[in-house]
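Here is the structure we will look at.
Quick note on labels: first sequence line is chain A, next is B, and so on, each numbered from 1.
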2 protein chains.
Amino acid sequence: MSDTPSSPRRRTTYRHGDLRNALLEAGIALARAGGPDAVVLREATRQAGVVPNAAYRHFANRDDLLQAVRSYALSQVARAMEAELAGLDPAAGALRWAQDSVRAIGTGYLRFAHAEPGLFKTAFSSHEGVEGDNDPTRAGDSGMNPFQLLSMALNRLADAGGLPPERRLGAEYLAWSAVHGLALLLSEGPLHGMPEPQRMMIGQRLLDMVEKGL
Amino acid sequence: MSDTPSSPRRRTTYRHGDLRNALLEAGIALARAGGPDAVVLREATRQAGVVPNAAYRHFANRDDLLQAVRSYALSQVARAMEAELAGLDPAAGALRWAQDSVRAIGTGYLRFAHAEPGLFKTAFSSHEGVEGDNDPTRAGDSGMNPFQLLSMALNRLADAGGLPPERRLGAEYLAWSAVHGLALLLSEGPLHGMPEPQRMMIGQRLLDMVEKGL
DNA sequence: AGGTTATGTGTACCGTGTACACATGTGTTT
DNA sequence: AAACACATGTGTACACGGTACACATAACCT
């Protein structure tokens, strides 16, 4: 009971053994609790039970650690989307399925933003090109990252005739804009404390708008 | 040429005379150049030519200064919207005018986000309820803040029959979500360096989506 | 003139990121 | 096994930022 921060588990060996991982875990915990700004190097090392500078053997600097945390957060977003997709019935007709897929992506995004506001904020704190990268640490079980999952859903929609080809290009950004914007309003914006039912309702309304307007 | 930061104008009087204002100006300059995180108390006092603690006679703390800067940024957003609205022709038919009004709001928002990314980011860094407040420092020449301008445009649309009454409630948030999301993607997101023509194009496409889907 | 108040100064402390030199294990080569 | 290089953690140190507290000085008001 002589540990102050959280899990500084007095280590007996000079070597930590798994420091990079411990720092990442700590960083994730910090991000979860307080968003990207809460990911503070010194606190992470404290939780890992090492001296501050030890972190520099595993991360170039604070931002490097933050990016690692962000990758994790992105993979969690992907998983949230995949979880929604998994509940769909492909036999419900190609168009319906495609539309539901797009909605599932949006719903997963919004759900995650609500369930894990800190990680959500971290995931998109510095949205550097996630589009064309195949970093598996940012992907879900499907191997796709959030952006790629959205693209896939939009492809389904286009293939099913639910989205005219001339409007397919860049559709990711339109859909993403809408959902991301709402997620922000709900998680840290003026729609903050909105109760669950209304939250779900406005989310669905927004997805209606996207579906109709895309 | 003995001044390092920017305009530390060696003052001869003990009293500054207009410190609150000077700090605000400095804060705005910092925000303009680097967004909310760049608004740093000590730097503002440096530019004003006073000692760090002098700031506390005019602002409770750093955040208080930041909020003042944010209010200014919001008023600039409102002005950008008003500038777009001013170019409209009310004689073009009620519906068309109403639709153009909504588009003007969106366009002004997007333009400002592009022209002043730092201030834009600052304006919405902590979107605390701007809806029902009448702080004139956050308003444009019309006396309305950005949210209120949007509401007004949507009212016009509803009055002109362009938006069914049952879908009027909360429409602000749907439109705002979409435009805000895109502004983020364009200003700090993956759509960052997008050339002007394409930027305009995707902006209009997004507004099409909102108009169709609202 | 004397007191009260507003505004700027000096000093000081804490937390954060990070550079640099040093210590201590681990693994490899002879 | 001894020697050495390398990887990884430690100690010390500095700069920067926010901010508390006591003090100085000027403006204002009897």
(message) Determine whether a donor-acceptor pair (one donor, one acceptor, N or O, separation below 3.5 Å) exists between the side chain of B:Arg15 and the base of C:dA6.
(response) yes
(message) In this structure, how many angstroms lie between the P atom of C:dT16 and the CG atom of A:Asp64, rounded?
(response) 19 Å
(message) Here's a test for you: under side chain to side chain contact (heavy atoms under 4.5 Å, CB included), which of B:Asp100, B:Leu149, B:Leu110, B:Leu154 qualifies with B:Ile105?
(response) B:Leu149
(request) Can you figure out which of D:dT8, C:dG10, C:dT7 approaches the side chain of B:Asn53 most closely? (result) C:dG10
(request) Let me know the distance between CG of B:Leu23 and P of C:dT7, rounded to the nearest Å. (result) 12 Å
(message) Can you measure A:Leu19 atom CG to D:dA7 atom P for me and round it to whole angstrom units?
(response) 16 Å
(request) Identify which nucleotide among C:dT9, D:dG17, D:dT10 has an atom closest to any side-chain atom of B:Ala54, counting heavy atoms from C-beta outward. (result) C:dT9
(request) Write down the distance between CG (A:Asp63) and C1' (C:dT18), rounded to a whole number of angstrom. (result) 14 Å
(request) Would you mind telling me which of D:dA27, D:dA22, C:dG10 lies closest to the side-chain atoms of B:Arg57? (result) D:dA22
(message) Looking at B:Arg46 and B:Glu43, is any side-chain nitrogen of the basic one under 4.0 Å from a carboxylate oxygen of the acidic one?
(response) yes
(request) Select base, sugar-phosphate, or nothing to describe what B:Arg42 touches, counting heavy atoms under 4.0 Å on all strands. (result) base
(request) Measure from CG on A:Asn61 to C1' on C:dT16 and round the result to the nearest Å. (result) 13 Å
(message) Need one value for B:Val51: base, sugar-phosphate or nothing, where a base atom within 4.0 Å counts as base even if backbone is also close, heavy atoms only.
(response) base
(message) Just to be sure I understand the rule, does B:Val50 reach a base, reach only the sugar-phosphate, or reach nothing, if contact means heavy atoms closer than 4.0 Å?
(response) sugar-phosphate
(message) Taking only side-chain N and O atoms of A:Arg46, does any of them lie within less than 4.0 angstrom of OP1 or OP2 on C:dT16?
(response) yes
(message) I'd like to know if the side chain of B:Glu172 reaches the main chain of B:Leu150, judged simply by a donor and an acceptor atom lying under 3.5 Å from each other, with no hydrogens or angles considered.
(response) no
(request) Could you tell me the separation between the CG atom of B:Leu66 and the P atom of D:dG18, rounded to a whole number of Å? (result) 11 Å
(message) Below the 4.0 Å mark, does D:dA7 have OP1 or OP2 next to a side-chain nitrogen or oxygen of A:His58?
(response) no
(request) For the pair A:Arg103 and A:Asp208, find out whether any cationic side-chain nitrogen is under 4.0 Å from an anionic carboxylate oxygen. (result) yes
(request) Return the value, rounded to whole Å, for the distance between atom CG of B:Asp37 and atom C1' of D:dG17. (result) 13 Å
(message) Under a 3.5 Å distance rule, please check whether A:Arg32 uses its side chain to pair with a backbone N or O of A:Leu119 as donor and acceptor.
(response) no
